[in-house]
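For the numbers below, each heavy atom of this structure counts, side chains included, while hydrogens, waters and symmetry mates do not. We count ligands from 1, going down the list as the structure has it; atoms in each ligand are counted the same way.
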Amino acid sequence: MAKIKGLACKECGREYPVEPIHVCEFCFGPLEVVYDYEDIKKNISREKIENGPKSLWRYIDLLPVENPTVGLSAGFTPLIKAENLGKELGLNNLYIKDDSVNHPTLSFKDRVVAVALSKAKEFGFDTAACASTGNLANSVSALAASSGMKCYVFIPANLETNKIIGSLVFDPVVVAVDGNYDDVNRLSSEIANEFGWAFVNINVRPYYSEGSKTLAFEVAEQLGWKAPDAVVAPLASGSLYTKIWKGFNELKTVGLINDNPPRMYGAQAAGCSPIYQAFKEGRDWIKPVKPDTIAKSIAIGNPADGPYAVKVAKESNGDMEIATNEEIIEGIKLLAKTEGIFTETAGGTTIAVLKKFAEKGVFDPDEVVVAYITGNGYKTMEVLEGHLKSPIHIKPSLHEFKEKVIGQVVKG
Ligand SMILES: *Cc1c(COP(=O)(O)O)cnc(C)c1O
Ligand SMILES: [Zn+2]
């Protein structure tokens, strides 16, 4: 396996073979995939990628998989020039990377699960599992179904109804745990140790998290092999955010782009902002919090990659901001009415934070700014109840239409 050197501990650097392991035995640091960039550089080119499959697998040279078998249509989502929202925010080159239409389950999680379960199959696992805030369970359930794997998903019991149905329909075992995501994650780690399952975000996490790099690869290719000046992305465990950064850096390392990687702006919900707090207080460690926010998909109180996300914000000259429940809903509505894109609460958080940074003037008006929209609004519609206008109710009569809708007084 020439492109991969192995795994290495992010803390002490100790090296490990490519196996379904995720923690350093010596310092308990997380393990990460290490590539042989010299070797990759010899094999990779823009042309080769452009002629590859119309999915994230066009970047296989920078992914830890030899033989993709799961999630073959994941990725390759639109990058949309947001003219209307840009005008509203005073940004002439604002783009939306729209993973709300990812395949097959309408969130960015289809990327990471495609990579994790393809790798799990290479390792010989027959059972997929995860600890989830909602979208991950949807994706693992769907991709386990299509690839013939058995499946167990663990979720907090109080998730949005449509996120639960969106897992159940694929017929996995859904375990709803009384507690928040951090409780679910702790229990899942214990289960992962006892059962020989591929927990995509636990024992297969080093491979899983690599899938998020494709959010950087696609944006660079879609911009004509350029890096944006700045990006805004949501933070839950902090994995997505740190891997977008890793992705842009890799493209530069292997010579596919010449630009420096972007400034990384992170978005958290005010009701669950442990990474934002650490960044603002200049800490490199995370003080866990108890989540209380409508943005359930990003409500992780004890984020595994929090310290690395703080580092990325600093290293990239970026920043972090938070959004209240009201601001999250306003963010959802703003993106919908300007760009016709219906995102969920995580996307609402991202747009709310994008707006705050734009108003603070951190972006030059001509800079290329990309906001990552990671999930679909049709899964969290209940949060909008009471926040939208009502339909205008009429009888099937032209008279009533003119009177009640057009507001014309019709003469009798
Ligand atoms: C999981 C998720 C994220 C972020 O996940 P990380 O744990 O930070 O990688 C962002 N948006 C949505 C919609 C998600 O489901
Ligand atoms: Zn270590």
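The backbone N or O of A198 sits nowhere less than 3.5 Å from a side-chain atom of N203 that would complete a donor-acceptor pair.
Of the N or O atoms in A236, one or more lie within a sub-3.5 Å distance of an N or O in ligand 1. For ligand 1, the polar-atom distance check against P234 finds no nitrogen or oxygen pair separated by under 3.5 Å. Among the atoms of A346, none of the N or O lies under 3.5 angstrom from an N or O of ligand 1. Looking at ligand 1, you won't find any N or O of S107 less than 3.5 Å from one of its N or O atoms.
Remark: the T214 side chain and the E218 side chain contain no N/O donor-acceptor pair separated by less than 3.5 Å.
Ring-plane geometry between F195 and W197 is classed as tilted, the angle between the planes lying from 30 to 60 degrees on a 0 to 90 degree scale.
Counting heavy atoms from C-beta on, the side chains of Y59 and E221 come closer than 4.5 Å.
Of the candidates T380, T345, T374, the one placing a heavy atom closest to atom 11 (N) of ligand 1 is T374.
Expressed to the nearest 0.5 Å, how far CG of N201 lies from CG of L136 amounts to 5.0 Å. Atom NZ of K355 sits about 8.0 Å away from atom CD of E327, to the nearest 0.5 Å.
In this structure, Y241 does not count as a contact residue of ligand 1, since none of its heavy atoms falls inside 4.0 Å of the ligand.
The atoms of ligand 1 that sit less than 4.0 Å from any heavy atom of I298 are 3 (C), 10 (C), 11 (N). Residue contact check: E344 has heavy atoms under 4.0 Å from atoms 13 (C) of ligand 1. Every atom of ligand 1 with a heavy atom of N135 under 4.0 Å away is listed here by number and element: 13 (C), 14 (C), 15 (O).
Tested against S100, the residues T374, I341, T77, L335 include a single side-chain contact (heavy atoms from CB on, under 4.5 Å) partner, I341. A ring pair (Phe, Tyr, Trp, His ring centres under 6.0 Å) with Y265 is found for one member of F363, W245, Y372 and no other, namely F363.
At a heavy-atom cutoff of 4.0 Å, ligand 1 is contacted by the side chain of K109 but not by its backbone.
Taking the ring axis of F248 as reference, the NZ or CZ atom of K252 does not stay both within 45° of it and closer than 6.0 Å to the ring centre.
Scanning the protein for heavy atoms near atom 7 (O) of ligand 1, the closest one is S237 OG, 2.6 Å. Here the heavy atom of the protein found nearest to atom 9 (O) of ligand 1 is L240 N, 2.8 Å.
The Zn ion (ligand 2) lies at the vertex of an angle of 110° between the SG atom of C24 and the SG atom of C12 (rounded to 10°).
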